[in-house]
Every structure is written in structure tokens, then in C-alpha cells.
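Report on the following structure.
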There are 2 protein chains.
Amino acid sequence: MPTKEKLLREAALFMKGRGYSAFSYADLAEKVGIRKASIHHHFSTKERLGELVVQRAIEDTQKYFEDVEESSNYIVERLRAYMLLFSEGYQEKRLPLCCVLSVDMANLPDSIKKKAKIYFEIQINWLTRIVQQGREVGDIVSSCDPACAALTIFTMCEGASVVARAIENADIFDSTFNEIVKIFVQKA
Amino acid sequence: MPTKEKLLREAALFMKGRGYSAFSYADLAEKVGIRKASIHHHFSTKERLGELVVQRAIEDTQKYFEDVEESSNYIVERLRAYMLLFSEGYQEKRLPLCCVLSVDMANLPDSIKKKAKIYFEIQINWLTRIVQQGREVGDIVSSCDPACAALTIFTMCEGASVVARAIENADIFDSTFNEIVKIFVQKA
DNA sequence: ATAGGACTATCTATTAGTAGGTGGAAAACG
DNA sequence: CGTTTTCCACCTACTAATAGATAGTCCTAT
């Protein structure tokens, strides 16, 4: 793998684990195995690197959404796949990037803040759309509109990530998912 | 107000706004109006200051819980009062301390991490207890046990804080609260 | 030969923390 | 009572470590 790619990947992991402001070029250099100054050859500033990390996350997530939509029409499976984005990093003590970005918001340069907001929107919009679809085929029985349901689902996923790390218990993801299904999905 | 008290209060505000690692003695000194070095006179190290901030939050929260229990027997009112702990800092761009601590976990010294975990437990235990009480008087109709319901409520409150900041929309608190009531509370 | 990728060395700003001194108020003592 | 001593809050001025960033150099593969 090219060094630039390695740097981007490791920076993303650091951000998910500690947040944007709490990792340094020194940490990254040590991890990847090059000198601190060499990182600047690939990414002029830390801010730029941060932007690209979020940009990459956006692209990966959009790709993931497409895959999920292709591989299943059933809302429960789609939601389970979505929830996976939140639980996957748990074992490695990482949070979803969107969760970290929200909390770190006050410390982010404007350019990253802007990208972060786009990232949130994309997720909420996608959720809204699949809830809407689920409703059309009769799988969803939410009393509020799709946008409202999407926000609740988003909220519960973010919350699960925070609480799982807080009390060091991964079961939260399962119980939260079950709760989401219970609230929104029509029993067969 | 004595300087020490001011420092403790402002440090708490900084932590809620930016997290533990992202505020400095310089920030704090400027805000309170004394020299950086003078802070060390009151709090030997930043770690010690952080511990005391969390300790204070624990005590304040326990006091608040007592007040809430005294002033109302009805689960919905108690839950609304609890949710207030999460929404109150929103206008000032602050998160609940427990939320910040969870995300900042990887950056915390062990002593603070320990206190943070106690803080989480206290909240979950209290929620469990009031859910249990609500169940006994027939206000709660949760299909899962009180501990499980408490975790879900905790999760949704934490999530609401994260999402509210992320998309800059305070309505999340209300809609999340309504959702919690819809899930757990028996209609009159 | 040249361009790219990494290097060394250095810079400036900022971090938490320390050493030691100043001034004033309260307490101790004649 | 006045004097002296102690104490406390705060100060100036520093340290070592670390932050992100820069300039210029060397090596290597095309």
C-alpha cells in the first residue's frame, strides 16, 4: 500500500479513537514508520489531512449505502447493516467518526466542520429514504414521518456508541437495534 | 465567589464544551483572570483538577436526583427532569459531561477514567430505580426489565446530545423525549 | 536527468509544570 | 497596644516536552 494511503487510513483510526485534536503528527509518523516531517510531503497541513479523512469516510459510507440497498430490500436487514457502522470499531476501542466529530466539533477548523455536517446530512438523508421505502412496502409502522423516524434511529445509534464505550459493554448495540426494530417495524 | 470555586466552575464549562484534553491552563487562567501559574496553587495538576470536576458533577447530579424524586412521583415528569440535564447546555454549545467523557475516554488519565465510570453507573442505577418504581405503580409498560429500559433511556439521551450538536437542532431533545415516553409509558 | 519520497535539522508556539519572590492579612507574642 | 511571624493568594520568570510546520538535502526508480 502506498504511504499516502497508509497515512490516511491510520489518521482515520486515530481520529475514531481519540478525536481530531488529540492525535499528533508524531503519533501518526511513529505508527506508519516515517518521520514526522515526511507527512507534510503528503498532507500539507493537519487540517487538510483531517478534511481528507472525513471526505474519505463520506465516500466509503456512500458506497456502503449503495451496497446495502443492492443486497437487501428488507428494512430490518438494512438497518442492521447500518448499525454495523456504529458497532464495528468497538473492539478496537473506536467510535464512529460522525460521533467523534460531533463531540469534537468545538475543536475543529471550519473546513472540517463543514465536511462533518455534510457527513451527518448524508446519513440522515439515507435513513429517511430507506424508512420512506420501508413505509411504502408496509414494513414500517412509524407514527411520525420518515424524517422524524430517521432522526430517532440516528440518535439511537449515536447513543449506543457513546454508552457502549462508557460502560464497556457491547450488548448495547444489540439491545438498541432490537429497540429500533420494536419501535418502527411492522411485525410479520 | 472564591477563586478556587470559580476555577472549578469554569473548568467544568471548558470540559463540557471541548473535552478534557482540549482546554489548557492558559485558557482557564485568562477566563478567570489570574495567571496560569496561580492555578497550580489551587489545583496541583490538571489531572487533579479534572478529577475534582467530575467529582463535583457526580455530587451535583446526585443532589439533583434527590430533588427530582422529592418533587414528583410521576415517571414522565421525572424523565423530563432527567432529560433536562442533557439539553440544558445546548444553547451555550456544551454537551453533558458524561457524553464528553465517554468520547474523550481514550485521552483521560486513569484517575479521571475511574471517576467517569462511577458517574455513568450512578446515572444508570438511578434510571433503573425510577423505572422500577414506575413499573410498580403501573406507569411503565416496558416489555424488558428495568435495567434494560434504563440503558435504552440513557442511550437515547446521550444520542440526542450528540445529534443536536451535530445538526445544530435543539428539537431533537423534544422528539427524543416524546419517543421515550411513547416506548415506555402507559397511556393514561 | 529528473522527479518524487523520504530524510535531517530547525523553527515558533504552546503545553503542563516549577522555582522563588511579593504583598497583605491574620495570628502569635512581648 | 504594637510588633513580629506565619500563612496565603498571587505573581514573574523560567523549564522540558510537544505541537504543527518549514527549508533544504539525499537517495532511488524511472
Side-chain angles (χ1 to χ4, degrees), chain A residues 1-55 100-101 103-113 115-116, chain B residues 1-55 100-101 104-116:
Chain A
M1 188 171 6
T3 307
K4 186 164 183 169
E5 197 57 32
K6 269 192 219 168
L7 285 167
L8 206 51
R9 179 185 297 269
E10 290 301 330
L13 295 181
F14 272 122
M15 281 178 69
K16 289 178 175 195
R18 308 198 208 155
Y20 171 76
S21 43
F23 86 94
S24 71
Y25 268 34
D27 298 326
L28 193 51
E30 198 200 334
K31 184 81 187 179
V32 172
I34 62 173
R35 297 288 147 174
K36 206 177 52 154
S38 308
I39 303 176
H40 287 280
H41 175 75
H42 298 281
F43 305 98
S44 55
T45 65
K46 191 186 176 187
E47 176 171 350
R48 184 76 191 124
L49 171 59
E51 281 176 55
L52 290 170
V53 165
V54 180
Q55 181 59 43
V100 175
L101 288 174
V103 176
D104 223 7
M105 202 61 106
N107 307 315
L108 296 180
D110 283 343
S111 62
I112 301 183
K113 225 181 274 189
K115 280 223 183 295
Chain B
M1 189 172 8
T3 306
K4 187 164 183 169
E5 196 59 31
K6 269 192 218 168
L7 285 167
L8 207 51
R9 178 185 299 269
E10 291 300 331
L13 295 181
F14 272 122
M15 282 178 68
K16 289 179 176 195
R18 310 199 207 153
Y20 172 76
S21 44
F23 86 94
S24 71
Y25 267 34
D27 299 325
L28 193 51
E30 198 199 335
K31 184 81 188 179
V32 173
I34 61 173
R35 297 288 147 174
K36 205 180 53 154
S38 308
I39 303 177
H40 287 280
H41 175 73
H42 298 282
F43 305 98
S44 54
T45 65
K46 190 184 175 187
E47 176 171 348
R48 184 74 190 126
L49 171 58
E51 281 175 55
L52 291 172
V53 166
V54 181
Q55 181 60 43
V100 175
L101 288 173
D104 222 8
M105 202 62 105
N107 307 315
L108 296 179
D110 283 343
S111 62
I112 301 183
K113 225 182 276 190
K114 227 167 88 183
K115 281 226 183 291

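By convention in this document, chain letters (A, B, ...) are assigned in the order of the sequence lines, proteins followed by strands, and residues within each chain are numbered from 1. These figures come from a predicted structure and were not determined experimentally.
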Taking 4.0 Å as the cut-off, does a side-chain nitrogen or oxygen of [X] come that near to OP1 or OP2 on [N]?
X	N	value
His41(A)	dG5(C)	yes
Thr3(A)	dA6(C)	yes
Ser38(A)	dG5(C)	no

Quickly work out the [X] [atom1] to [N] [atom2] distance and round it to whole Å.
X	N	atom1	atom2	answer
Tyr20(B)	dT15(C)	OH	P	14 Å
Leu49(B)	dT15(C)	CG	P	15 Å
Leu28(B)	dC10(D)	CG	C1'	15 Å
Leu7(B)	dA16(C)	CG	P	14 Å
Ile39(A)	dA19(D)	CD1	P	11 Å
Phe43(B)	dC10(D)	CZ	P	11 Å
Phe23(B)	dT14(C)	CZ	P	18 Å
Lys46(B)	dA17(D)	NZ	C1'	15 Å

**Prompt:** Relative to the ring of Phe23(B), is the ring of Phe14(B) parallel (under 30°), tilted (30 to 60°) or perpendicular (over 60°)?
**Reply:** parallel
Nearest to the side chain of [X], heavy atoms from C-beta on, is which of [options]?
X	options	answer
His40(B)	dT15(C), dA9(C), dT18(C)	dT18(C)
Ala26(B)	dT15(C), dG17(C), dC7(C)	dT15(C)
Ile34(A)	dA6(C), dT22(D), dA9(D)	dA6(C)
His42(B)	dA21(D), dC7(C), dC10(D)	dC10(D)
Ser24(A)	dA19(D), dT18(C), dA21(D)	dA19(D)
Arg35(B)	dA6(C), dC8(D), dT12(D)	dT12(D)

**Item:** Atom pair CD1 (Ile112(A)) and CD (Gln55(A)), whose distance is rounded to the nearest 0.5 Å
**Value:** 12.0 Å
**Asked** Is atom CD of Glu30(B) surrounded by more than 12 heavy atoms (other residues, nucleotides or ligands) closer than 6.0 Å?
**Response** no
**Prompt:** Between the base of dG20(D) and the side chain of Lys36(A), is there a donor-acceptor distance below 3.5 Å?
**Reply:** yes
**Item:** Minimum heavy-atom distance Val53(A)-Met15(A), with the two atoms named
**Value:** CG1-SD, 3.7 Å
**Asked** Looking at Glu5(B), Arg48(B), Lys4(B), Lys6(B), which one forms a side-chain contact (heavy atoms from CB on, under 4.5 Å) with His42(B)?
**Response** Lys4(B)
